[in-house]
Amino acid sequence: MIGFVRVFLWLSLSTAVYAIPYDIRGRGTAVPPTEDDFYTVPPDVGNSPPGTILKHRIPPAPIAAFGLDPVNLQSSYQILYRTNDNFGNATATVATILIPHNADYTKVLSYQVAQDSSFRNCAPSYALQLASASGGPFGTLVTQAELLLIEAALERGWILIVPDHEGPTAAFLANRQAGQATLDGIRAALSSGAFTSIDKDATVAMWGYSGGSLASGWAAELQPTYAPELKIAGAALGGTVPNITTVLTEINKSLFAGIIPSGMVGLSNQYPYVAEVLDQHILTQYKPLFGLVRNQCLSADVLDFLGRDVLAMFDDPSLPFTDPRLVQIENDNGMGHAIPGIPLYVYKSTGDELSPVDETDALVSKYCAGGTSVEYVRDVLSEHGSLAITGAAKALSWLIDVLDGEKPQVRCSTSTVASSLLDPSALEVIPQFIIDALLNLLQKPVGPIVIG
Ligand SMILES: *[C@@H]1O[C@H](CO)[C@@H](O)[C@H](O)[C@H]1NC(C)=O
Ligand SMILES: *[C@@H]1O[C@H](CO)[C@@H](O)[C@H](O)[C@H]1NC(C)=O
Ligand SMILES: *[C@@H]1O[C@H](CO)[C@@H](O)[C@H](O)[C@H]1NC(C)=O
């Protein structure tokens with residue numbers, strides 16, 4: 001029940017705190033991707049190698065999403081670049097490049113947002129231009145907290161790449177595409193020096209939580225084969241989600257039930273077979289409700305399906321577990337298909353109510369057995385939503401180490417901590433005004449932990 005209260009709290013808080021005047025700096029108008037030619041995949045996209053910059057521009061409206069004053073941004077760019085979809089077909093997507101004041105052009109962080117939605121206009125490249133990225137039908141609950149993490153990284157002087165890793169069709173859960181889009185976004189950013197000044201040999205790291213950990217984790221797994229030339233210093237993966245099938249069972253009829261329709265519709269945006277299944281097996285009376293997720297973002301999805309038995313909206317509720325082709329697609333987009341060749345920091349709530357911790361334990365063991373360096377932190381006093389915030393400082397301090405060129409001391413380590421937030425050295429890496437804003441998002445539930 002606390003969780004339910006908290007979602008409403010987050011929603012109301014984020015709209016209250018971030019509803020700043022839209023045109024304070026005489027900005028242009030942000031154009032939604034569905035109405036913006038910049039996003040169109042060129043017909044000859046297959047002629048350039050993955051990572052090629054096809055177009056670039058200054059965003060039509062300045063980046064306004066942070067709601068923090070002053071926003072530490074010197075400039076920003078959008079890049080349309082070649083990548084590949086889940087089937088290996090050529091496609092293109094957009095990345096936003098954020099350059100802080102006093103930028104260090106030799107340090108780049110690719111931050112993968114947990115968009116978790118199947119609507120193109122929830123893409124971070126668009127949301128970042130909205131003064132209230134969390135408002136109305138475009139609400140992106142998780143992104144609001146993530147904006148603060150992105151801001152914390154900008155405060156380090158790092159260049160940020162934020163790819164629209166769901167690609168041009170908002171194919172949420174088409175995770176091979178998400179990983180490829182992440183790697184190709186890095187390739188594109190490293191070759192953008194002529195207009196961004198990014199050093200072509202910059203040190204690169206990746207960060208993502210939940211849906212963003214799928215994109216980042218897939219990028220880590222694919223890198224040795226898909227982008228062997230890229231030297232990535234490490235990746236921080238939080239709230240990992242190794243197995244999609246399990247998540248369906250865990251979140252049905254829960255706080256996060258809305259992720260089932262957005263995930264299914266997201267997959268249908270890539271797999272014609274999933275589109276067919278939804279068309280044939282969602283009961284007629286639920287089709288309008290399911291259809292909503294095509295035109296709204298995560299927080300609206302969560303609210304519309306709060307506590308609903310989404311699986312019972314199929315004519316056969318067991319279909320996602322019994323239809324062999326559907327099960328295959330779910331498994332194909334889970335994690336653990338390959339062993340990353342870069343160091344990882346993995347953080348996960350032991351009470352994660354979206355994806356059970358033992359599946360991440362198993363994933364980490366598999367990576368370690370395969371030779372990956374993994375620092376794995378299991379956090380007790382958290383849940384899926386809150387660890388995104390309370391685990392952030394420790395993740396950031398790990399990223400600082402790898403971007404500073406430090407190599408992991410031990411190859412693999414696992415620790416179970418009461419709360420990552422209690423680590424005072426970790427908290428030092430985030431400026432106080434960001435910590436305050438983060439804690440605001442958490443409000444009461446974490447209060448007692450912090451005060452202690
Ligand atoms: C994409 O790849 C699939 C599988 O290889 C193929 O069947 C399909 O025709 C391709 N689609 C396009 C648009 O090239
Ligand atoms: C959906 O979740 C509810 C609550 O956990 C459960 O009663 C129901 O059996 C689930 N449906 C399926 C098909 O797992
Ligand atoms: C996910 O879990 C299911 C059921 O426990 C299992 O059958 C499947 O192989 C797992 N998928 C992956 C990708 O690990």
Side-chain angles (χ1 to χ4, degrees), residues 1 3-4 40-48 50 82-93 167-169 171 173-180 213-214 217-218 221-222 240-261 263-264 267-278 281-283 286 289-290 305-340 348 352-367 369-370:
M1 205 49 212
F4 283 74
T40 306
V41 179
D44 61 352
V45 66
N47 294 345
S48 352
R82 153 82 200 269
T83 187
N84 287 317
D85 70 10
N86 250 42
F87 306 119
N89 294 330
T91 187
T93 194
T169 62
L173 290 188
N175 291 321
R176 177 175 295 274
Q177 168 175 272
Q180 290 165 168
S213 77
L214 279 167
W218 264 86
E221 289 189 12
L222 289 172
T240 32
V241 191
N243 188 314
I244 292 172
T245 318
T246 319
V247 174
L248 297 176
T249 324
E250 295 290 314
I251 66 177
N252 186 38
K253 242 184 147 183
S254 84
L255 176 63
F256 293 107
I259 293 179
I260 302 177
M264 288 287 176
L267 284 172
S268 78
N269 289 341
Q270 175 76 105
Y271 292 88
Y273 181 70
V274 179
E276 224 173 273
V277 166
L278 294 181
H281 296 282
I282 295 297
L283 294 167
Y286 294 118
L289 185 62
F290 243 75
F305 288 86
L306 204 62
R308 302 289 296 262
D309 189 340
V310 179
L311 295 174
M313 296 176 190
F314 285 83
D315 56 8
D316 169 8
S318 70
L319 204 67
F321 313 102
T322 52
D323 181 283
R325 286 180 72 184
L326 202 50
V327 170
Q328 182 72 50
I329 289 169
E330 290 156 18
N331 283 337
D332 283 350
N333 290 287
M335 292 180 71
H337 295 287
I339 304 295
K348 175 85 180 171
D352 193 307
E353 68 281 33
L354 215 111
S355 166
V357 72
D358 57 349
E359 290 185 348
T360 292
D361 295 349
L363 180 70
V364 167
S365 299
K366 182 173 185 175
Y367 285 169

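First listed ligand is number 1; within each ligand, the first listed atom is number 1. Note that the coordinates shown come from a computational prediction; the quantities given were computed from them, not determined experimentally. Just the heavy atoms: all of them, side chains too, but no hydrogens, waters or symmetry mates, feed the values below.
- Atom CZ of R325 sits about 6.5 Å away from atom CD of E276, to the nearest 0.5 Å.
- S254 and E353 share no donor-acceptor pair across their side chains, judged by distance under 3.5 Å alone.
- From Q177, atom CD reaches atom CG of L222 across 12.0 Å, with rounding to the nearest 0.5 Å.
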With ring pair (Phe, Tyr, Trp, His ring centres under 6.0 Å) as the test, would you mind laying out the steps for F87 and Y271 before giving the verdict? CA-CA 9 Å; F87 306 119; Y271 292 88; 5.2 Å; yes
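- Ligand-side atoms of ligand 1 in range of F87: 2 (O), range being under 4.0 angstrom from any heavy atom.
- At under 3.5 Å, a nitrogen or oxygen of N243, whether backbone or side chain, sits near a nitrogen or oxygen of ligand 3.
- For the residue pair T83/Q180, the side-chain donor-acceptor check at 3.5 Å is not satisfied.
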Apply the test side-chain contact (heavy atoms from CB on, under 4.5 Å) to residues E250 and V241: give CA-CA distance (whole Å), side-chain angles for both, the deciding distance (0.1 Å), then the verdict. CA-CA 11 Å; E250 295 290 314; V241 191; over 6 Å; no
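- Close approach of ligand 1 to N89 is summarised as follows: ligand atoms under 4.0 Å from at least one heavy atom of the residue are 1 (C), 2 (O), 3 (C), 8 (C), 10 (C), 11 (N), 12 (C), 14 (O).
- Q328 places none of its side-chain heavy atoms less than 4.5 Å from the side chain of Y273.
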Write 'none' if nothing qualifies; otherwise put on separate lines each N/O atom of ligand 2 with a protein N/O atom under 3.5 Å away and their distance to 0.1 Å.
from: ligand 2; atom 1: 2 (O); to: N252; atom 2: ND2; distance (Å): 2.3
from: ligand 2; atom 1: 11 (N); to: N252; atom 2: ND2; distance (Å): 3.1

Full working for side-chain contact (heavy atoms from CB on, under 4.5 Å) between N252 and D309: CA-CA 6 Å; N252 186 38; D309 189 340; 2.9 Å; yes
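- Proximity to N331 (heavy-atom distance under 4.0 Å) selects the following atoms of ligand 3: 8 (C), 10 (C), 11 (N), 12 (C), 13 (C).
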